[in-house]
Participant: 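Structure provided below as structure tokens; questions to follow.
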Amino acid sequence: MALEDREAILEHIAQDNPIAACEIDDEIEAKAEQARLHPTLYRAGRVRGTREAVVRPNYVLVYRVEGEEDDLVIVVLRVLHAAQQWPPGPSH
């Protein structure tokens, strides 16, 4: 879902400003890389077992840390606009 989220965000932004879409894409990549290097750097998420990295005030990267202490992996679950409901409500 995270890849679909990211693609939708970038397509939406690119309609008005392709350069801004490239910039936000770079920022999403940078946050994901920082999370990979430092899995507990960002705040605990609103969903148990997740963490959230604010990409920009309007965008949040939601991820889960998996693995053992010496072999941690992050799994990016969603890339969300702040206006999107997270966690999803009971109708989702």
Participant: Any donor-acceptor pair under 3.5 Å linking the side chain of Glu52 with the backbone of Tyr42?
Facilitator: no

Participant: Taking Ile13 as the starting point, is it possible to reach Val55 by hopping between hydrophobic residues whose side chains are less than 4.5 Å apart?
Facilitator: yes

Participant: Does the pair Glu29/Arg6 count as a salt bridge with the N-to-O cut at 4.0 Å?
Facilitator: yes

Participant: Quick check: closest heavy atoms across Tyr63 and Pro39, and the distance to 0.1 Å?
Facilitator: OH-O, 2.7 Å

Participant: Would you give the length of the straight line joining atom NE2 of His12 to atom CD1 of Ile24, rounded to the nearest 0.5 angstrom?
Facilitator: 11.5 Å

Participant: Keeping Arg64 on the side-chain end and Ile74 on the backbone end, is there a donor-acceptor pair under 3.5 Å?
Facilitator: no

Participant: Would you confirm whether Arg78, through its side chain, and Val62, through its main-chain N or O, come within 3.5 Å as a donor-acceptor pair?
Facilitator: no

Participant: So does His81 have more than 12 non-hydrogen atoms from other groups sitting under 6.0 Å from NE2?
Facilitator: yes

Participant: Just by modelled atom types, is the Leu61 backbone N or O under 3.5 Å from a matching donor or acceptor in the Lys31 side chain?
Facilitator: no

Participant: How many angstroms lie between OH in Tyr59 and CG in Asp5, if you round to the nearest 0.5 Å?
Facilitator: 11.5 Å

Participant: If two hydrophobic side chains count as joined below 4.5 Å and joins carry through other members, does Val76 share a cluster with Leu72?
Facilitator: yes

Participant: Please check if atom CG in Leu37 has more than 12 non-hydrogen atoms from other residues, nucleotides or ligands closer than 6.0 Å.
Facilitator: yes

Participant: Which atom pair, heavy atoms only, marks the closest approach of Ala82 to Pro57?
Facilitator: CB-O, 4.1 Å

Participant: Do Arg56 and Glu27 have side-chain heavy atoms sitting under 4.5 Å apart?
Facilitator: yes

Participant: Do Val60 and Leu10 belong together in a cluster built from hydrophobic side chains that touch within less than 4.5 Å?
Facilitator: no

Participant: Taking a hydrophobic cluster as the set of Ile, Leu, Val, Met, Phe, Trp and Tyr residues connected by side-chain heavy atoms closer than 4.5 Å, whether directly or through intermediates, do Leu77 and Val65 fall within one such cluster?
Facilitator: no

Participant: Does Ile9 share a hydrophobic cluster with Met1, counting links as ILVMFWY side-chain heavy atoms below 4.5 Å and allowing steps through other members?
Facilitator: no

